[in-house]
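Computed from a prediction, not measured in an experiment: that's the story for all the values here.
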Amino acid sequence: MSYLEVVKTAVLVFPIIAFLFTIPFILHQYHKYGSINKFRVLIIYSFILYLITIYFLVILPLPSREEVANMTGKIVQLIPFTFIKDIIRETNFSLTDPSTYIPTLFHPSVYTFVFNIAMTIPFGMYLRYYYKCSLKKTFIVTLLLSLFFELTQVTGLYGLYPRPYRLCDIDDLITNTLGGVIGYFIMGVIDNFLPTRDEIDKETIENGKKVSGFRRITLFFLDVFIYLCLSTIFSVFFKTLFPTTISFIIYYGVIPYFWNGKTIASNFLNVRMTFPNMKFIRLILKNIFNYFYYFLLPIFILTIVGNIVNNINLSTVSSIWIYLGCFIFIIFFYIVNTFLLLKNGKIYYDKVFKITYLSTID
């Protein structure tokens with residue numbers, strides 16, 4: 001498998017890893033800063049793609065267990081700077097003959113040496129720029145990363161294979177660590193042209209003083225998740241007759257009423273609701289409306305359409321088209337509401353309830 005094929009594999013896997021990472025990332029950003037900085041997103045997700053790529057370069061291609069079981073080669077190489085002897089042995093390099101210099105540079109043994117350095121140069125750059133690591137810390141963290149790669153190899157991919165299928169080489173530790181240090185110094189020149197981490201944080205916090213539409217959407221779903229967890233706890237542990245109703249009143253009414261307009265989710269995301277003359281009944285009605293508007297209304301529409309289709313005895317094809325049209329309408333309904341909220345940070349029914357969402361980010 002060529003380096004290009006490994007990179008392609010990493011790019012294909014990246015969306016899956018990014019999806020799993022996205023929700024925790026969003027919650028963390030709103031909790032800490034109150035907003036999400038686009039440049040930070042670019043840095044973090046490019047770093048994830050980079051880590052996936054170099055990890056795949058270490059483990060791919062994966063051989064079969066039978067191939068590995070039949071391997072008899074050396075497992076560990078613990079003599080430092082053996083790569084220098086290998087280059088001299090495998091090439092025609094002669095220190096006294098300048099004509100051998102250029103051909104030696106293009107020999108595969110030199111490629112491996114250069115690649116092991118180049119592989120971790122971006123790592124050192126990320127550590128210095130975004131994570132504000134010192135030279136000493138960059139050295140240590142890069143060494144640990146390289147050690148992780150070598151342990152991955154020497155354990156046969158954590159025991160998946162009966163023995164290692166790649167050589168665990170101390171020279172890789174040396175060259176990988178050197179690459180991280182080189183990346184540290186390279187970023188020392190480049191970061192003069194980029195916003196500092198402190199500037200990114202400052203801008204993010206400043207933007208977090210306003211509640212964006214996407215922040216409200218995040219709040220809505222986090223509220224629903226916590227509410228459902230609370231409802232489950234009531235039904236399982238307290239054996240109440242109406243766990244959903246009781247947990248709804250507690251979560252969407254009692255908690256924000258006594259907690260300055262904040263639910264558990266909004267406190268985590270640094271948001272609170274304000275009403276003129278905030279009353280308990282207004283909190284309940286507002287959240288009942290949300291529940292009906294986003295959950296019950298689409299279900300109600302589907303139920304009505306289903307009854308109509310069943311009563312007029314339409315053909316199967318006609319019924320399918322009607323249901324399809326209904327689903328398209330519901331999807332359009334969600335898209336329009338999402339667009340309005342993302343565009344303005346508000347939605348029309350805010351005026352009806354006279355509700356305002358305020359950021360608690362200082």
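With side-chain heavy atoms closer than 4.5 Å counting as contact, directly or through intermediates, the hydrophobic cluster containing Phe19 also holds Leu20. Apart from Ile205 itself, the hydrophobic cluster it occupies contains Tyr33, Ile361, where clustering links Ile, Leu, Val, Met, Phe, Trp and Tyr at side-chain heavy-atom distances under 4.5 Å. As a member of the Ile/Leu/Val/Met/Phe/Trp/Tyr network built from side-chain separations under 4.5 Å, Ile331 groups with Ile335.
Leu269 places a side-chain heavy atom less than 4.5 Å from the side chain of Leu27. Looking at heavy atoms from C-beta onward, Phe149 lies in side-chain contact with Leu145 at the 4.5 angstrom threshold. A 4.5 Å side-chain heavy-atom check between Gln153 and Pro164 finds every atom pair outside the cut-off.
Here the shortest heavy-atom pairing between Lys74 and Arg163 reads O-NH2, 4.2 Å. Ile186 and Ile121 get closest at one heavy-atom pair: CD1-CG2, 3.9 Å. In this structure, Cys326 and Val305 approach most closely via the heavy-atom pair SG-CG2, 3.9 Å. The two residues Ser35 and Gly208 come nearest to each other via the heavy atoms OG-N, 3.5 Å. Across Leu358 and Val211, no two heavy atoms sit closer than the pair C-CG2, 3.6 Å. Across every non-hydrogen atom of Leu167 and Glu150, the tightest pair is O-OE1, 4.0 Å.
Legend: residues meeting side chain to side chain donor-acceptor pair (under 3.5 Å) with Tyr165, ordered by chain and number and at least two apart, are absent. Scored by the side-chain contact (heavy atoms from CB on, under 4.5 Å) test, Phe221 finds Ile217 as partners (sequence neighbours excluded). Residues satisfying the ring-ring contact (aromatic ring centres under 6.0 Å, His included) criterion with Tyr227, sequence neighbours excluded, are Phe248, Tyr252.
The ring pair (Phe, Tyr, Trp, His ring centres under 6.0 Å) pairs that include a residue from residues 333-361 are Phe289-Tyr349, Phe289-Phe353, Tyr293-Phe333, Tyr293-Tyr349, where partners are two or more places apart or lie in different chains. Pairs engaging residues 56-86 under the ring pair (Phe, Tyr, Trp, His ring centres under 6.0 Å) rule: Phe83-Phe113 [sequence neighbours left out]. Applying the salt bridge (Lys or Arg N to Asp or Glu O under 4.0 Å) definition to pairs two or more places apart or across chains, those involving residues 127-144 are Lys132-Asp198. Residue pairs meeting the salt bridge (Lys or Arg N to Asp or Glu O under 4.0 Å) criterion with at least one partner in residues 26-49, sequence neighbours excluded, are Arg40-Asp201. Counting only residues at least two apart or on different chains, no salt bridge (Lys or Arg N to Asp or Glu O under 4.0 Å) pair has a member in residues 167-189. The salt bridge (Lys or Arg N to Asp or Glu O under 4.0 Å) contacts involving residues 345-356 comprise Arg216-Asp350, where partners must be two or more places apart or lie in separate chains.
Heavy atoms from other residues, nucleotides or ligands lying under 6.0 Å from CH2 of Trp259 number more than 12.
A donor and an acceptor atom, one from each side chain of Ser146 and Asn176, are located under 3.5 Å apart. Checking Thr138 against Tyr131 by side-chain atom types alone, no donor-acceptor pair falls below 3.5 Å.
In this structure, the side chain of Thr263 does not engage the main chain of Pro256 through any donor-acceptor pair within 3.5 Å. Checking side-chain atoms of Thr142 against main-chain N and O of Phe139 turns up no donor-acceptor pair under 3.5 Å.
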Report task. Mind running side-chain contact (heavy atoms from CB on, under 4.5 Å) on Leu151 and Leu147 for me, showing each step along the way? Result -> CA-CA 6 Å; Leu151 290 175; Leu147 182 60; 4.2 Å; yes

**Report entry** Stepwise side-chain contact (heavy atoms from CB on, under 4.5 Å) test for Leu62 and Leu157
**Finding:** CA-CA 10 Å; Leu62 296 175; Leu157 201 56; 3.8 Å; yes

Query raised in the report: Does the pair Arg65 and Val68 meet the rule for a side-chain contact (heavy atoms from CB on, under 4.5 Å), with working shown?
Result: CA-CA 5 Å; Arg65 287 180 59 85; Val68 176; 5.8 Å; no

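The structure places OH of Tyr30 at 10.5 Å from CG of Leu219, a figure rounded to the nearest 0.5 Å. Note that CE of Met273 and CG of Asn260 are 10.0 Å apart. Values are rounded to the nearest 0.5 Å. How far CD1 of Ile255 is from CD1 of Ile249: 12.5 Å, rounded to the nearest 0.5 Å.
Phe329 and Ile299 fall into different hydrophobic clusters, where Ile, Leu, Val, Met, Phe, Trp and Tyr side chains are chained together by heavy-atom contacts under 4.5 Å.
Among the candidates Lys209, Lys210, Arg215, the single residue satisfying the side chain to side chain donor-acceptor pair (under 3.5 Å) test with Ser359 is Arg215. Just one of Tyr129, Tyr130, Tyr126, Phe21 meets the ring-ring contact (aromatic ring centres under 6.0 Å, His included) condition when paired with Phe47; it is Tyr126.
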